[in-house]
Amino acid sequence: AQSVTQPDIHITVSEGASLELRCNYSYGATPYLFWYVQSPGQGLQLLLKYFSGDTLVQGIKGFEAEFKRSQSSFNLRKPSVHWSDAAEYFCAVVPLGFQKLVFGTGTRLLVSP
Amino acid sequence: DTAVSQTPKYLVTQMGNDKSIKCEQNLGHDTMYWYKQDSKKFLKIMFSYNNKELIINETVPNRFSPKSPDKAHLNLHINSLELGDSAVYFCASSLAGGLNEQFFGPGTRLTVL
């Protein structure tokens, strides 16, 4: 079945440590790929997106993501996490031929002092 | 200056009632969306309008009726509210086309008692 999977429901990272959030997709053709962040009590904000080209994508707030076709993955990374990064992170796709975002189930990031 | 605003922020009501949520965007976008986020944070699109025309209508009970009086507004009316309608409803907007960044409102938390 077509889906977007975020295997980690919760992740806790120490402030200053590196972060990687996983995202896998299952579609016949590679969809367009996005990462959104939802801070507590707020709406979602786009961090970055990948359509084609360089497989390492830079986004806002120091985030980057790497597209790996062989693994059907689009993992989000940050070299040094700040306490303000604590939020819910959503991987999302726009399947080819469609005009709608399909979201993964989200990963809650907790940042410990 | 709020880009995408929703009213009310919180809505508590009894089963069987009818309620509306309003959304306005001042970004000059052509396309607006309604999403539902359930208690497990799963986010799913409900409707999308482009230039006041309905373009996405997911499998949503017909008790839900979106209305777009103009490009800047997209309201959601819900008839005969049920317990399962309790969720956070997000409005979003973007330029036309499914690949453009979507800007989300702060959400409306609906609680049906």
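Numbers restart at 1 for each chain; the letters A, B, ... are given by sequence-line order, proteins then strands. From a predicted model like this one, the values you see are computed outputs, not experimental measurements.
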- prompt: Between A/Tyr36 and B/Gln102, does a side chain to side chain contact (heavy atoms under 4.5 Å, CB included) hold up when you go through it step by step?
  reply: CA-CA 10 Å; A/Tyr36 277 81; B/Gln102 294 186 25; 3.7 Å; yes

task: Show your reasoning for whether side chain to side chain contact (heavy atoms under 4.5 Å, CB included) applies to B/Leu43 and A/Thr105.
output: CA-CA 7 Å; B/Leu43 198 65; A/Thr105 48; over 6 Å; no

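Other residues, nucleotides and ligands contribute at most 12 non-hydrogen atoms within 6.0 Å of the NZ atom of A/Lys68. Summarising the local packing, CZ of B/Phe64 is surrounded by more than 12 heavy atoms from other residues, nucleotides or ligands at distances under 6.0 Å.
Under the 4.5 Å side-chain contact rule for hydrophobic residues, A/Trp35 and A/Phe63 share a cluster. Hydrophobic clustering places B/Ile45 together with A/Val94 (ILVMFWY residues linked when any side-chain heavy atoms are closer than 4.5 Å, directly or through intermediates). A/Leu44 and A/Leu109 end up in different hydrophobic clusters when Ile, Leu, Val, Met, Phe, Trp and Tyr side chains are linked at under 4.5 Å. In the hydrophobic clustering of ILVMFWY residues, with side-chain heavy atoms under 4.5 Å counting as a link, A/Val37 and B/Phe90 come out apart. A continuous path of hydrophobic side-chain contacts links A/Leu48 to A/Tyr89 [ILVMFWY only; heavy atoms under 4.5 Å].
Both the backbone and the side chain of A/Lys100 have a heavy atom closer than 4.5 Å to some heavy atom of chain B. In this structure, chain B has a heavy atom under 4.5 Å from the side chain of A/Glu88, while its backbone stays farther away. Neither the backbone nor the side chain of A/Gln45 comes within contact range of chain B; no heavy atom of the residue lies under 4.5 Å from a heavy atom of that chain. Residue B/Leu99 touches chain A through both its backbone and its side chain, counting heavy-atom pairs closer than 4.5 Å. For A/Phe98, no part lies near chain B; criterion is any non-hydrogen pair under 4.5 Å.
How far CZ of A/Arg108 is from NZ of B/Lys41: 5.5 Å, rounded to the nearest 0.5 Å.
Of all heavy-atom pairs spanning A/Leu101 and B/Tyr35, the tightest one is CB-OH, 3.7 Å.
Note on B/Lys40, B/Gln37, B/Lys44: by heavy-atom pairs under 4.5 Å with chain A, the leading option is B/Gln37.
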